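Just so you know, these numbers come straight off a predicted model, no measurement behind them.
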Amino acid sequence: TLFLDEIGDMPLEAQTRLLRVLQQGEFTPVGGRSSARADVRIIAATHRNLRDCVNQGLFREDLYYRINVVPIRLPPLRRRREDLPLLARHFLAAAQAEGLPPKTLTADALDRLAAHAWPGNVRELENLVRRLVVLCPEDMIDARAIEVELAEAEADLPARGDQGLDRKSVGQGKSVDLGRRRIIHNKKQPRPS
């Protein structure tokens, strides 16, 4: 099984090569002179509308029909906010399994996550959780820690119709830099004598 992430961004030349693999079951390895056989199944993901990409000449129509066998359409994270607590806890556990310190989210932290628009979907949530695990010295991550990390990103976002941001809850006129310094400032350890 071959997993292709963001197939909608694949260059046309790579699309041609992939189509050859799917149609003929063969490919030429990089630096190789002869073809090799392949028996693969493709699982492809994209946030783009591939039908529109085909109409714009950005995606090959024959490849579109080749891979569009069983489409699974997932709504963006902003439309399934009930998944946020489960996903956030999963990413906290994954970070802990990788050796990072164990952390938990307060109820107000989960509320703050629910107020965010999530333009980067699940990847944005995963990166935010990992960043919080590394930067937040407390074992409990609260809404203020999340607000500090999101405020800068939300302030830079253009207006996006259905992703409406609750800008009143972001910043509140407080300095993001000062807040960040407070969060990541570690207590000085006594020096050994």
Side-chain angles (χ1 to χ4, degrees), residues 1-95 97-98 112-133 146 149-167 170:
T1 303
L2 178 62
F3 295 94
L4 298 174
D5 191 22
E6 280 312 321
I7 195 166
D9 293 335
M10 183 180 284
L12 287 172
E13 183 179 330
Q15 292 176 33
T16 302
R17 291 182 189 150
L18 178 59
L19 185 61
R20 179 178 175 217
V21 171
L22 295 175
Q23 289 178 334
Q24 299 170 1
E26 62 182 43
F27 66 98
T28 304
V30 175
R33 294 186 178 175
S34 59
S35 295
R37 300 289 303 160
D39 180 18
V40 297
R41 303 293 179 266
I42 301 289
I43 298 174
T46 186
H47 69 283
R48 299 185 187 282
N49 182 323
L50 285 184
R51 185 54 118 166
D52 289 345
C53 291
V54 168
N55 293 337
Q56 295 168 12
L58 301 173
F59 199 82
R60 291 182 58 119
E61 186 173 24
D62 46 0
L63 179 58
Y64 171 77
Y65 288 116
R66 192 56 113 143
I67 63 171
N68 192 27
V69 178
V70 182
I72 301 171
R73 291 176 179 85
L74 293 176
L77 187 55
R78 69 182 173 274
R79 292 199 181 123
R80 49 190 174 100
R81 295 180 194 274
E82 66 278 2
D83 292 347
L84 280 165
L86 181 64
L87 287 168
R89 289 184 187 109
H90 167 76
F91 295 135
L92 287 170
E98 292 175 9
R112 180 61 186 97
L113 291 177
H116 185 58
W118 300 109
N121 275 313
V122 176
R123 281 193 196 109
E124 181 185 6
L125 175 63
E126 180 180 14
N127 290 338
L128 172 67
V129 169
R130 291 185 67 81
R131 190 165 56 248
L132 288 165
V133 168
I146 291 171
E149 291 303 317
L150 290 177
E152 205 170 294
E154 287 182 346
D156 292 340
L157 283 177
R160 295 180 180 230
D162 64 340
Q163 293 181 13
L165 299 173
D166 178 11
R167 295 197 187 275
V170 179

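Taking every heavy atom of both residues into account, Arg81 and Ala114 meet most closely at NH1-O, 2.6 Å. The shortest heavy-atom contact between Val129 and Ala88 is CG1-O, 4.1 Å. Taking every heavy atom of both residues into account, Asn121 and Leu77 meet most closely at OD1-N, 2.8 Å. Taking each heavy atom of Pro29 and Ser34 in turn, the nearest pair found is CD-O, 3.5 Å.
Rounding to the nearest 0.5 Å gives a distance of 5.0 Å between CD1 of Ile42 and CG of Leu22. We find the CD-CZ distance between Glu124 and Arg78 to be 10.5 Å, quoted to the nearest 0.5 Å. Atom CG of Leu113 sits about 4.0 Å away from atom CD1 of Ile146, to the nearest 0.5 Å. In this structure, CD1 in Ile7 is found 7.0 Å from CG in Leu50, a value given to the nearest 0.5 Å. Distance check, rounded to the nearest 0.5 Å: CG of Leu4 to OG1 of Thr46 gives 10.5 Å. For the atom pair CG of Asp62 and OG1 of Thr16, the computed distance is 8.0 Å after rounding to the nearest 0.5 Å.
Asp83 meets the side-chain hydrogen bond (donor to acceptor under 3.5 Å, both in side chains) test with Arg80; sequence neighbours excluded. Residues that satisfy the salt bridge (Lys or Arg N to Asp or Glu O under 4.0 Å) test with Glu82, not counting sequence neighbours, are absent from this structure. Shown here are the salt bridge (Lys or Arg N to Asp or Glu O under 4.0 Å) partners of Arg37, two or more places apart in sequence or in another chain: Glu26. Scanning for salt bridge (Lys or Arg N to Asp or Glu O under 4.0 Å) contacts around Asp9 gives Arg48, with sequence neighbours left out. Every residue was checked against the side-chain hydrogen bond (donor to acceptor under 3.5 Å, both in side chains) condition with Gln56, not counting sequence neighbours, and none meets it.
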Extract all donor-acceptor atom pairs below 3.5 Å that involve side chains of residues 64-75 and protein atoms in other chains or at least two apart in sequence.
from, atom 1, to, atom 2, distance (Å)
Tyr64, OH, Asn68, ND2, 3.1
Tyr65, OH, Arg51, NH2, 2.3

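Salt-bridge annotation for Arg17 and Glu13: present, with a side-chain N of the basic residue lying under 4.0 Å from a carboxylate O of the acidic one.
Side-chain contact between Thr28 and Arg20: present, with at least one pair of heavy atoms (C-beta onward) separated by less than 4.5 Å. Annotation: side chain of Val122 is in contact with side chain of Phe91 (closest heavy-atom distance under 4.5 Å).
Without hydrogens or angle criteria, Trp118 side chain to Arg79 main chain gives no donor-acceptor distance under 3.5 Å. Side chain of Gln15 to backbone of Leu58: a donor-acceptor contact under 3.5 angstrom is found.
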